[in-house]
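A short write-up of the structure that comes next.
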Number of protein chains: 2
Amino acid sequence: MLTQTLNTQAINTQIVGKIAPGHPVTDQFGAITGHVGLVATEFSYRKDEEIYGEDEPAEYVYQVVSGAVSSYKLLSDGRRQIGAFHLPGDVFGLESGPAHRLAAEAIIDTTVRLVKRASLEKAAGTDVQVARKLWAMTASELRHAEDHMLLLGRKTAMERVATFLLEMDRRLAVAGMMALPMCRRDIGDYLGLTLETVSRALSQLHAQGILGFSGARQIVLRNRQRLQHLDA
Amino acid sequence: MLTQTLNTQAINTQIVGKIAPGHPVTDQFGAITGHVGLVATEFSYRKDEEIYGEDEPAEYVYQVVSGAVSSYKLLSDGRRQIGAFHLPGDVFGLESGPAHRLAAEAIIDTTVRLVKRASLEKAAGTDVQVARKLWAMTASELRHAEDHMLLLGRKTAMERVATFLLEMDRRLAVAGMMALPMCRRDIGDYLGLTLETVSRALSQLHAQGILGFSGARQIVLRNRQRLQHLDA
DNA sequence: CGCAATATTGAGCTCGGTCAAGGGGCGTGG
DNA sequence: CCACGCCCCTTGACCGAGCTCAATATTGCG
């Protein structure tokens, strides 16, 4: 289980206070832990390694330092729905109840910072600002889930892929280019499509000059306007 | 706007303390407002009346007293995704941020109880138990949304309808029978299907003896076991 | 009892899934 | 630095679940 893994692989323990580079102002963890003096531990997972399973006790809350994580649910026959991708700076694994409602795994080699859920609960019990922040983070996840229900229930394949590209562009574009950490299958499982359909949609956008490739996962959006139009 | 409507139709204002009949123990509103002495107002909407629009300022938090409400998002061309149905006892319209992320409308004649969001925020600022409860309610909505993403992204039409029937059976069955407040189109918009597909699935379940009708919206589940199996 | 709204059923079509066969890029090892 | 090999990705051909369009059939409400 997680505890064992922690024992064998833990790298670095520190008092939270330094903020992850690149997220100096709006750091979610820092906002909570900074003035409470919680202890955070850094930890690494290899590509495809499970961080926690569905319905597993929610012992820790995580923040991606580097890499990328997916949160997902499985049906008994293996069909998978990814609910969210977590990128550097994102907090994940935060639960109000006792257990994780989705599983989480690293989609590439990933380093996270983590704090005990119990210590956050304790801080929230004495500091109203912390309590407010935990609520806001859960509300933010809910907002994303609500948008994603609309996508999954009502958008066409092309609209889904356009929405995905605009989301990733917003979240991880550097100098107008994005380096996707996830494979076509992961994108399909996020969008409720097959990997082939995702690939066909991307090829079509490429043919129309709306995006450019430099490697299958290195994408430049050349016409956000037209992409937004395709997004419905 | 809402304020106008409130002025013309408000029925009854009271100090919250009495609990809605049928929800004496786990009443969500009561748990928050009971010991804080907040003022709640009762209010009624007719079938198909909008309660609030998407992105409208979130001035009030609501609880269904009687009737039923749907929360939904629209695409520009009219495609609709219902994110949740709210039944008697349910709280809806609770936001951590300033605006409603989904619109809400009464799907049948409905009476709600409502309190000002600002007064809840104020109570949460002084009472940690209230803050905790608000967080828990948002987390509960998130849990539902995560389950629903799996349904919308990965389940077949028959699996979706089976899931829907089991959910409604759990939430509103009385003496083994459920009286659905919503039409086939609403069910379709909730499940990411057309109304025809919903109707066909229900007919098929009827033909297999898994459910019985007494009127299109009066349904008896005759074999929950088999339904659960169809739910994947 | 009558009628307008809602639900059912049918026929044909389409979008995205399935199955299958290459192609290409990246990391590894020589 | 280059070549090899393994994924990952792309593309093609066909299929079918669910959508669309259309014609009844119910039903519940006045």
Side-chain angles (χ1 to χ4, degrees), chain A residues 46-48 68 70 75 77-81 107-109 151-165 179-208 211-219 230 232, chain B residues 46-48 68 70 75 77-81 107-109 151-165 179-208 211-219 230 232:
Chain A
R46 272 181 306 252
K47 178 172 151 64
D48 297 331
S70 68
L75 291 174
D77 63 358
R79 280 174 288 172
R80 181 175 67 148
Q81 179 61 45
I107 56 184
I108 52 175
D109 290 353
L151 178 148
L152 294 171
R154 289 305 182 204
K155 289 188 182 179
T156 66
M158 185 54 81
E159 288 166 350
R160 295 179 200 208
V161 171
T163 304
F164 171 77
L165 288 170
L180 296 178
M182 71 289 285
C183 64
R184 298 293 188 264
R185 173 174 299 279
D186 290 337
I187 299 172
D189 285 349
Y190 180 57
L191 299 179
L193 301 170
T194 60
L195 65 93
E196 291 94 333
T197 299
V198 171
S199 181
R200 277 185 250 269
L202 291 173
S203 295
Q204 199 179 323
L205 292 171
H206 186 218
Q208 294 178 272
L211 58 80
F213 284 111
S214 49
R217 299 189 190 182
Q218 293 278 336
I219 298 180
L230 290 177
Chain B
R46 273 181 305 253
K47 177 171 153 63
D48 297 331
S70 67
L75 291 174
D77 62 357
R79 280 174 287 172
R80 180 175 68 149
Q81 179 62 46
I107 56 185
I108 53 175
D109 290 352
L151 178 148
L152 294 171
R154 289 305 184 204
K155 290 189 182 179
T156 66
M158 185 54 82
E159 288 166 351
R160 294 178 200 208
V161 171
T163 305
F164 170 78
L165 288 170
L180 296 178
M182 71 289 285
C183 65
R184 298 292 188 264
R185 173 173 297 279
D186 291 337
I187 299 172
D189 285 350
Y190 180 57
L191 300 179
L193 300 171
T194 60
L195 66 93
E196 292 94 333
T197 298
V198 171
S199 181
R200 278 184 249 271
L202 290 173
S203 295
Q204 199 179 323
L205 292 171
H206 186 219
Q208 293 177 281
L211 58 80
F213 284 111
S214 49
R217 299 188 189 183
Q218 293 278 336
I219 297 180
L230 289 177

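This one's a predicted model, so the numbers in the text were calculated from it and none came from an experiment. When reading the values below, keep in mind they use all heavy atoms of this one structure, side chains included, and skip hydrogens, waters and symmetry mates.
- Taking atom CD on A:Glu196 and atom P on D:dC15, their separation rounds to 17 Å, with Å as the unit.
- Not counting sequence neighbours, the partners of B:Ala68 by the side-chain contact (heavy atoms from CB on, under 4.5 Å) test are B:Leu87, B:Ile107, B:Ile108, B:Pro181.
- In this structure, CZ of A:Arg217 is placed 14 Å from P of D:dC7, rounded to the nearest angstrom.
- Listed by chain and residue number, nothing satisfies the side-chain hydrogen bond (donor to acceptor under 3.5 Å, both in side chains) test with B:Arg185 (two or more places apart in sequence, or in another chain).
- Taken residue by residue, residues 182-192 of chain B places heavy atoms nearer than 4.0 Å to DNA chain C at B:Cys183, B:Arg184.
- Positionally, the nearest nucleotide of DNA chain C for A:Ala157 lies more toward the 5' end than for the other of A:Ala157 and A:Ala216.
- Between the B:Arg154 side chain and the A:Gln81 main chain, no donor and acceptor come within less than 3.5 Å of each other.
- A donor-acceptor pair is defined here as one N or O able to donate and one able to accept, closer than 3.5 Å; such a pair exists between the side chain of A:Glu159 and the backbone of A:Thr156.
- In terms of the side-chain hydrogen bond (donor to acceptor under 3.5 Å, both in side chains) criterion, B:Asp48 has no residue partners (sequence neighbours excluded).
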Atom pairs and distances, side-chain donor-acceptor, residues 199-207 of chain A, under 3.5 Å, sequence neighbours left out:
| residue | atom | partner | partner atom | Å |
| --- | --- | --- | --- | --- |
| A:Ser203 | OG | A:Ser199 | O | 3.0 |

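- Partners of A:Arg217 according to the side-chain hydrogen bond (donor to acceptor under 3.5 Å, both in side chains) rule, which considers only residues two or more places apart in sequence or in another chain, do not exist here.
- Residues B:Ile187 and B:Leu195 form no side-chain contact, since every pair of their non-hydrogen atoms from C-beta on lies 4.5 Å or further apart.
- In this structure, A:Arg79 places its CZ atom 13 Å from C1' of D:dA17, rounding to the nearest Å.
- Within residues 197-206 of chain B, the residues that place at least one heavy atom under 4.0 Å from DNA chain D are, in residue-number order, B:Thr197, B:Arg200.
- Between the C1' atom of D:dG18 and the CZ atom of A:Arg154 lies a distance of 11 Å, rounded to the nearest Å.
- Residues A:Arg160 and A:Thr197 fail the side-chain proximity criterion, which asks for heavy atoms closer than 4.5 Å.
- In this structure, B:Asp109 contributes its side chain and B:Lys47 its backbone to a donor-acceptor pair below 3.5 Å.
- Scanning DNA chain C 5' to 3' for nucleotides with an atom closer than 4.0 angstrom to a non-hydrogen atom of chain A gives a first and last hit of C:dG16 to C:dC26.
- As rounded to whole Å, 15 Å separates atom P of D:dC19 from atom CZ of B:Arg80.
- With contacts defined as side-chain heavy-atom distances shorter than 4.5 Å, the pair B:Phe164/B:Leu180 qualifies.
- When the salt bridge (charged side-chain N to carboxylate O under 4.0 Å, His left out) test is applied to B:Glu196, no partner is found at least two apart in sequence or on another chain.
- In the helix from C:dC1-D:dG30 to C:dG30-D:dC1, the end axes, each obtained as the rotation axis mapping the C1' atoms of four pairs onto the next four within a five-pair block, lie 50° apart to the nearest 10 degrees.
- With rounding to whole Å, B:Ile108 atom CD1 is found 11 Å from D:dC29 atom P.
- In this view, A:Arg80 and A:Asp186, A:Asp189 satisfy the side-chain hydrogen bond (donor to acceptor under 3.5 Å, both in side chains) rule, not counting sequence neighbours.
- Residue contacts shown for B:Arg160 are absent, as no nucleic acid heavy atom lies under 4.0 Å away.
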